Amino acid sequence: MNADPAAQLRLLDLQAIDAQVDKLRHQRANPAEAAEIKELLGKRADVDGRLRDQRIVVDDLSLAQSKADADVEQVKARRTRDRDRMDSGAIGDPKALERMQHELATLERRISTLEDEELEVMEQLEEAQSALGELTSAIEELDGRLGVLTGSRDDRAAAVDREIEQVLSGRGAIIADLPADLLGLYDKLRASKGGVVVSELRLRQCGGCQLALDASELGEIRATAPETVVRHEECQRILVRTAESGL
Ligand SMILES: [Zn+2]
């Protein structure tokens, strides 16, 4: 393949841009915050699961408390009704009155038992609510930290995007200077090898694989026309000759 020596040199500029963009894209894809964000998201999922369970516990206990309250109120209402009847003097029969007093005593014991149960449920509910509050705070704290981390990650990504755009702005002009077959070879090598595919021959050394070229290789290159695109036999990279090649 032949290409103007100036175009061969331009290939080095193109590669410098592409390498810079690769570096920036790698930076963008691997933000410093990634590990901590992943860890915090794991924690958050765990706390969130516990929070859901705890909400169910609180809801169940709230229902239990309402029922306990209603039970106490129901028995108290009956006690009031019985007392009113006794106080009204409507019950004249002494045996009926005795039965009524006996029932009232039973109701008192029942109220006392129900109030103990009510208190117990209330204590359980308070504990459950306090645990729910702690889990809610933990989620808020995690969300706060995640917000800071994702914010800083996104800010940096946006800055990197601007930098990529800026670096790429010079690419079009270089491509315009390159013949299609040389550009095609460059693209093909980059796709298969990645990284550095064009190396400068500098001080008799390949800038890609860093190997020194021996006398016979140098003699061969010296005898090759400047327009010929030379490949380094060792690494198959495009070898670009410059004034510092040491030929
Ligand atoms: Zn090489």
Side-chain angles (χ1 to χ4, degrees), residues 9-59 127-178 180 182-200 202 205-211 231-232 234-240:
L9 284 170
R10 286 298 264 166
L11 211 48
L12 286 169
D13 297 337
L14 180 66
Q15 178 168 263
I17 285 180
D18 289 344
Q20 177 74 2
V21 170
D22 282 352
K23 200 181 111 189
L24 290 168
R25 286 196 178 129
H26 179 80
Q27 242 179 56
R28 196 191 191 292
N30 300 279
E33 297 86 355
E36 202 185 339
I37 287 175
K38 192 179 169 207
E39 189 200 329
L40 291 180
L41 284 175
K43 274 189 193 166
R44 195 194 187 283
D46 174 52
V47 176
D48 195 46
R50 280 155 58 202
L51 185 72
R52 284 163 202 262
D53 292 347
Q54 194 60 27
R55 273 206 194 102
I56 292 168
V57 171
V58 167
D59 288 348
E127 269 176 42
Q129 277 168 334
S130 146
L132 183 67
E134 277 170 32
L135 289 167
T136 306
S137 304
I139 285 275
E140 282 167 3
E141 204 176 305
L142 286 166
D143 283 347
R145 179 71 188 139
L146 277 166
V148 170
L149 287 171
T150 53
S152 105
R153 177 199 62 192
D154 294 347
D155 285 351
R156 207 196 317 268
V160 170
D161 282 344
R162 286 192 295 275
E163 207 178 331
I164 288 174
E165 207 176 306
Q166 201 190 348
V167 173
L168 282 177
S169 67
R171 200 176 188 272
I174 295 176
I175 285 192
D177 288 346
L178 295 174
L182 184 63
L183 188 61
L185 175 63
Y186 169 80
D187 286 340
K188 199 183 97 190
L189 286 174
R190 256 183 82 81
S192 63
K193 288 168 77 83
V196 178
V197 298
V198 188
S199 37
E200 189 184 345
R202 188 180 152 76
Q205 197 182 32
C206 168
C209 65
Q210 309 298 330
L211 282 177
R231 304 280 293 273
H232 187 202
E234 293 287 343
C235 67
Q236 284 304 303
R237 291 182 173 90
I238 299 168
L239 210 47
V240 177

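What you see is a predicted model, and the numbers here were worked out from it, not measured in a lab. The analysis underlying the following values was restricted to heavy atoms, covering all of them including side chains, and did not include hydrogens, waters or symmetry mates.
A pairwise comparison of heavy atoms in C209 and R237 identifies N-NH1, 3.6 Å as the closest pair. Closest approach of D143 to R44, counting heavy atoms only: OD1-NE, 2.6 Å. The two residues R190 and G195 have their closest heavy-atom pair at NH1-O, 3.4 Å. The two residues V196 and G208 make their nearest non-hydrogen contact at CG1-CA, 4.3 Å. Annotation for I164 and R25: closest pair CD1-CG, 3.8 Å, computed over non-hydrogen atoms. Summarising the geometry of Q166 relative to S169, their closest heavy-atom pair is O-OG, 2.5 Å, with the distance given to 0.1 Å.
Applying the 6.0 Å contact sphere to CD of E165 captures no more than 12 heavy atoms from other residues, nucleotides or ligands. More than 12 heavy atoms of other residues, nucleotides or ligands lie within 6.0 Å of NZ in K193, so this atom counts as buried by the packing criterion. Annotation: E127, atom CD; neighbour count of heavy atoms from other residues, nucleotides and ligands within 6.0 Å does not exceed 12.
Rounding to the nearest 0.5 Å places CG of D155 at 9.5 Å from CD of E33. Here the CD1 atom belonging to I175 is positioned 5.5 Å from the CG atom belonging to L14, to the nearest 0.5 angstrom. The structure places SG of C235 at 9.5 Å from CD of Q210, a figure rounded to the nearest 0.5 Å. Atom-to-atom distance recorded for E134:CD and Q54:CD is 9.5 Å, nearest 0.5 angstrom. With rounding to the nearest 0.5 angstrom, the CD atom of E163 is 12.5 Å from the CZ atom of R28. In this structure, CG on D154 lies 10.5 Å from CG on L149, to the nearest 0.5 angstrom.
With contacts defined as side-chain heavy-atom distances shorter than 4.5 Å, the pair Y186/D18 qualifies. V167 has its side chain out of reach of K23: every pair of non-hydrogen atoms, C-beta onward, lies at least 4.5 Å apart. The shortest distance between side-chain heavy atoms of L189 and Q15 does not fall below 4.5 Å.
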Derivation and outcome, side-chain contact (heavy atoms from CB on, under 4.5 Å), residues L211 and H232: CA-CA 10 Å; L211 282 177; H232 187 202; 4.2 Å; yes
I238 and V197: CA distance, side-chain angles, deciding distance, side-chain contact (heavy atoms from CB on, under 4.5 Å) verdict: CA-CA 6 Å; I238 299 168; V197 298; 5.6 Å; no
Test log, rule side-chain contact (heavy atoms from CB on, under 4.5 Å), inputs Q27 and L24: CA-CA 5 Å; Q27 242 179 56; L24 290 168; 4.1 Å; yes
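A salt bridge between R55 and D59 is absent, with no side-chain N of the basic residue lying under 4.0 Å from a carboxylate O of the acidic one. The pair E39-K43 counts as a salt bridge, with a side-chain nitrogen and a carboxylate oxygen less than 4.0 angstrom apart. Ion pairing of D13 with R10 is present here, as a side-chain N (NZ or NE/NH1/NH2) and a carboxylate O approach within less than 4.0 Å.
Each of V47, L41, D46 was checked for a side-chain contact (heavy atoms from CB on, under 4.5 Å) with L142, and the lone residue meeting it is V47.
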